[in-house]
K.L.:
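Just dropping this structure here.
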2 protein chains.
Amino acid sequence: MAKIDDVARLAKVSKGTVSNVFSQKRPTSSEVRERVLNVSRQLNYVPNHTARSLVTKKTMAIGLTIPHGNFFFSAFHTQFINGVILEASYFGYRVLLDIIPTQQVKTPFLTSYPIDGAIVMSPITEDERINLMHVGQIPFVTVGRVMNKNMDNMSSVDNDNHKIMYNICEYLIGKGHTNILFLNANELMTVSIDRKSSFIKVMNDHGLDVEEHMIQHKPALHSSEYMDYGYEETIRILGKQKIEVTAIIADDDRTAFSVLNAIKDLNLTVPGDISLFVICGDLSMMVQSNPPLTSMDLQPSELGTQSVRLLMSQLGVLQGELSANVIVDSKIIERNSCSMNSHRHYS
Amino acid sequence: MAKIDDVARLAKVSKGTVSNVFSQKRPTSSEVRERVLNVSRQLNYVPNHTARSLVTKKTMAIGLTIPHGNFFFSAFHTQFINGVILEASYFGYRVLLDIIPTQQVKTPFLTSYPIDGAIVMSPITEDERINLMHVGQIPFVTVGRVMNKNMDNMSSVDNDNHKIMYNICEYLIGKGHTNILFLNANELMTVSIDRKSSFIKVMNDHGLDVEEHMIQHKPALHSSEYMDYGYEETIRILGKQKIEVTAIIADDDRTAFSVLNAIKDLNLTVPGDISLFVICGDLSMMVQSNPPLTSMDLQPSELGTQSVRLLMSQLGVLQGELSANVIVDSKIIERNSCSMNSHRHYS
DNA sequence: CTGAAAGCGCTTACAG
DNA sequence: CTGAAAGCGCTTACAG
């Protein structure tokens with residue numbers, strides 16, 4: 001590959017001038033620019049990314065970390081990533097999938113991270129990724145609330161989890177449901193902690209008790225391991241005391257689908273016998289389901305976009321005031337999986 | 001951040017020695033190693049990735065390019081990426097999501113690609129990404145067949161598309177289906193070209209004609225644009241001449257789901273009236289569907305793994321003979337969406 | 001607007 | 001096993 005010296009020599013200018021033509025950091029006369037560009041085309045020259053990075057101290061890449069075990073993307077992750085890529089590329093940044101599985105690696109990554117900043121998805125309690133970013137002095141934003149000790153003032157993007165649970169419960173209670181089974185995310189995730197407490201609070205505000213077994217947590221972060229979780233929990237809890245549960249809130253679409261199958265196998269119907277509400281699901285899957293599932297749209301793509309913008313403002317790339325904690329709106333999309341509670345003895 | 005000079009000075013060794021302790025390219029006495037490591041810990045030192053890259057000429061990253069427009073990942077992409085990440089990290093490589101949307105970008109990427117090699121997914125006819133890799137002299141492997149001019153001898157990973165169509169058609173014909181509607185991928189994709197010709201050939205081999213309207217192509221690469229394609233095509237073709245089509249082959253899970261809805265809206269059932277076969281679908285979605293869908297498992301995760309291994313052997317990281325064209329096995333997974341053709345007038 | 005020179009933080013022959 | 005020096009390919013003050 002041709003290098004800057006080759007171009008400089010052939011175009012009869014200095015390296016600095018060639019540099020300026022490409023970086024456009026200083027003006028160049030159109031005459032010189034043309035000459036340099038012609039020679040560059042001729043030699044197939046393009047500035048070496050690494051060499052530039054070394055002096056500018058910018059890699060023009062951001063890391064996207066999804067917790068290991070969770071790297072089997074859900075539709076939520078997928079759409080989030082779409083938002084990130086689109087917005088990052090708008091600013092000229094690339095996206096490094098910074099997912100280091102715990103699996104045994106042959107060569108450990110014993111260098112600095114080649115990124116300018118990071119997006120930390122789905123934080124858990126005492127998330128070690130946050131500590132890594134701190135020691136590496138890498139600017140980052142989190143998607144979701146962080147609970148690490150001694151670490152305040154972090155930028156984050158999130159939905160309003162309390163509002164989410166408030167709206168869902170109001171919606172379901174408004175339809176006469178009082179015994180609601182909540183199939184929550186894994187209990188290590190901060191989001192599950194927030195949603196659990198909000199769920200209990202809203203129910204209590206309506207004078208309703210929440211028995212312990214009415215909140216279940218996804219056993220693992222791994223999708224292959226929780227595939228049947230929704231099914232088994234539904235069979236277990238509804239099978240024991242069928243009539244008590246009249247509504248189920250599922251944390252994601254896969255869980256919802258397996259709940260749906262369990263309900264069918266129990267010879268019950270949705271929404272006739274059981275109302276099913278999905279917190280975060282793939283739009284197309286929700287629509288194609290039978291029945292179409294009522295869900296809370298978390299706007300994952302918008303979460304991705306906003307997290308990049310927040311990071312860019314931390315990196316000084318994006319000007320202007322940006323709140324350190326961006327809340328992305330969420331809203332209920334009614335389809336056909338929730339109906340009035342028909343079990344009279346509850347009303 | 002501390003640099004190598006700081007460590008060298010404090011540990012009273014040369015920079016070269018510090019370098020060796022971290023790179024392990026030359027042996028160091030345990031005494032010196034300990035001293036260097038202690039100082040490094042104390043100073044929070046880690047070798048600068050960019051500086052190392054500049055001299056080693058390795059970025060330790062591979063690019064993963066998914067055609068723009070297609071960057072709204074399907075389950076196939078997702079599982080493929082999982083395979084790539086897992087295998088790449090095993091070799092100490094990171095994965096750069098090298099998806100440059102055509103959307104207007106503020107800052108163009110006017111430098112070399114900071115990657116050692118690339119994986120080019122879902123090639124289309126005259127794929128410009130292939131040309132880019134060539135001029136940038138970046139080793140790459142493709143996932144799927146490439147049809148660019150003057151470019152033979154490329155490494156690729158693929159399923160055996162002819163065998164896939166052969167097996168699917170045999171399976172369906174064996175169940176008495178002769179009028180099969182094939183909802184193929186976008187016609188620009190090389191895979192759709194291969195599957196189309198194989199489909200026609202196998203049908204002809206059985207003495208069956210394939211009318212032109214029995215092969216349809218996904219109109220766009222964008223998922224948001226083809227969401228309803230399966231539905232509309234099904235309504236259009238089956239609605240006109242209901243009885244003629246008794247089986248449908250859908251290219252992916254989303255298309256299959258929307259076909260399912262269309263069939264339902266036509267007051268027909270699967271597999272009673274219409275048999276539905278999915279070529280490439282998300283396992284969990286296929287299982288959760290109602291009815292569970294019979295599909296061809298393409299092993300996307302294995303495709304990812306193999307493409308990384310092939311790339312690694314090109315980079316000289318992986319020793320041994322590796323065929324330049326790896327074929328990943330595919331197999332039919334019977335579930336419950338295909339049955340014997342019950343329309344007697346065809347048998 | 002352009003050039004000459006120093007420097008970014010490492011690794012790598014070369015020598016011992 | 002260790003050190004001194006050159007060099008990877010750029011950018012950036014500094015000077016003009």
Side-chain angles (χ1 to χ4, degrees), chain A residues 1-37 39-40 43-61 92 107 109-116 136-137, chain B residues 1-37 39-40 43-61 92 107 109-116 136-137:
Chain A
M1 294 266 76
K3 29 190 112 160
I4 200 169
D5 301 79
D6 304 325
V7 177
R9 203 176 316 118
L10 251 174
K12 298 192 194 312
V13 293
S14 70
K15 300 196 297 179
T17 299
V18 176
S19 177
N20 291 330
V21 168
F22 281 93
S23 71
Q24 300 180 356
K25 291 197 178 174
R26 294 194 307 188
T28 45
S29 67
S30 62
E31 184 195 5
V32 166
R33 196 184 321 122
E34 282 312 310
R35 210 162 70 228
V36 168
L37 253 19
V39 171
S40 300
L43 298 182
N44 222 338
Y45 171 75
V46 138
N48 178 294
H49 181 273
T50 305
R52 176 182 281 179
S53 286
L54 184 57
V55 24
T56 61
K57 299 189 184 315
K58 287 182 191 172
T59 64
M60 298 309 279
T107 318
F109 299 96
L110 267 180
T111 64
S112 59
Y113 281 116
I115 53 176
D116 297 337
Q137 298 185 30
Chain B
M1 294 266 77
K3 31 190 111 158
I4 201 169
D5 301 80
D6 304 326
V7 176
R9 203 177 315 117
L10 250 173
K12 297 189 195 314
V13 292
S14 71
K15 299 197 296 180
T17 299
V18 175
S19 177
N20 291 330
V21 168
F22 279 94
S23 71
Q24 300 181 356
K25 292 198 178 175
R26 294 194 306 188
T28 44
S29 67
S30 62
E31 184 194 6
V32 166
R33 198 185 321 123
E34 282 312 311
R35 211 161 71 227
V36 168
L37 253 21
V39 171
S40 299
L43 297 183
N44 222 338
Y45 171 76
V46 138
N48 179 293
H49 181 274
T50 304
R52 176 182 282 180
S53 286
L54 183 57
V55 27
T56 61
K57 301 191 185 311
K58 288 182 190 171
T59 63
M60 297 308 281
T107 318
F109 299 96
L110 268 181
T111 64
S112 60
Y113 281 116
I115 55 177
D116 297 337
Q137 297 186 31

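Proteins get letters first, then strands, A, B, ... in listed order; numbering begins at 1 in each. Just so it is clear, the model here is predicted, and its values are computed rather than measured. The figures that follow rest on heavy atoms only: side chains count, while hydrogens, waters and symmetry mates do not.
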K.L.:
Are side-chain heavy atoms of B/Arg9 and B/Asp5 found at a separation under 4.5 Å?
P.N.:
yes
K.L.:
For A/Asp5 and D/dC10, give me the distance from atom CG to atom C1', rounded to whole Å.
P.N.:
9 Å
K.L.:
Measure CE/B/Met60 against C1'/C/dT11 and give the value in whole Å, please.
P.N.:
15 Å
K.L.:
Using a heavy-atom distance cut-off of less than 4.0 Å, which residues of residues 21-34 of chain B contact DNA chain C?
P.N.:
B/Lys25, B/Arg26
K.L.:
So what does A/Val13 touch, heavy atoms closer than 4.0 Å: a base, only the sugar-phosphate, or nothing?
P.N.:
sugar-phosphate
K.L.:
Given C/dT2, is OP1 or OP2 found less than 4.0 Å from the side-chain N or O atoms of A/Lys15?
P.N.:
no
K.L.:
Is there a side-chain polar atom (N or O) of B/Lys58 under 4.0 Å from OP1 or OP2 of C/dT11?
P.N.:
no
K.L.:
Closest to the B/Asn20 side chain: C/dC10, C/dT12, D/dC8?
P.N.:
C/dT12
K.L.:
Could you tell me if the side chain of B/Asp6 sits less than 4.5 Å from the side chain of B/Leu10, heavy atoms only?
P.N.:
no
K.L.:
Please report, rounded to the nearest Å, how far the C1' atom of C/dC1 is from the CZ atom of A/Arg35.
P.N.:
13 Å
K.L.:
Mind checking whether A/Tyr45 and A/Val18 have side chains closer than 4.5 Å, heavy atoms only?
P.N.:
yes
K.L.:
Checking base pairs now: Watson-Crick or wobble, both atom distances under 3.5 Å. What partners C/dG16?
P.N.:
D/dC1
K.L.:
Expressed as a whole number of angstroms, how long is the span from A/Arg9:CZ to C/dA4:P?
P.N.:
14 Å
K.L.:
With a 3.5 Å distance limit and no angle check, can you tell me whether A/Thr59 reaches the backbone of A/Pro114 through a side-chain donor-acceptor pair?
P.N.:
yes
K.L.:
Any side-chain heavy-atom pair from A/Ser19 and A/Ile4 closer than 4.5 angstrom?
P.N.:
yes
K.L.:
Let me spell it out: for each of B/Arg52 and A/Leu54, pick the nucleotide of DNA chain C with the closest heavy atom. Which residue's pick is nearer the 5' end?
P.N.:
A/Leu54
K.L.:
Checking contacts here: which listed nucleotide (C/dT11, C/dC8, C/dC10) is nearest the side-chain heavy atoms of B/Thr56?
P.N.:
C/dT11
K.L.:
Expressed in whole Å, how much space separates the C1' atoms belonging to D/dG16 and D/dT12?
P.N.:
16 Å
K.L.:
Quick check for you: to the nearest 0.5 Å, what is the distance between B/Lys3 atom NZ and B/Asn48 atom CG?
P.N.:
9.5 Å
K.L.:
Between atom CG in B/Leu43 and atom P in C/dG9, what is the gap in whole Å?
P.N.:
14 Å
K.L.:
Can you tell me how far the CD atom of A/Gln137 sits from the CG atom of B/Asn44, to the nearest 0.5 Å?
P.N.:
7.5 Å
K.L.:
D/dT2, OP1 or OP2 - any side-chain N/O from B/Thr17 closer than 4.0 Å?
P.N.:
no
K.L.:
What is the distance, to the nearest angstrom, from the CD1 atom on A/Ile4 to the C1' atom on D/dT11?
P.N.:
8 Å
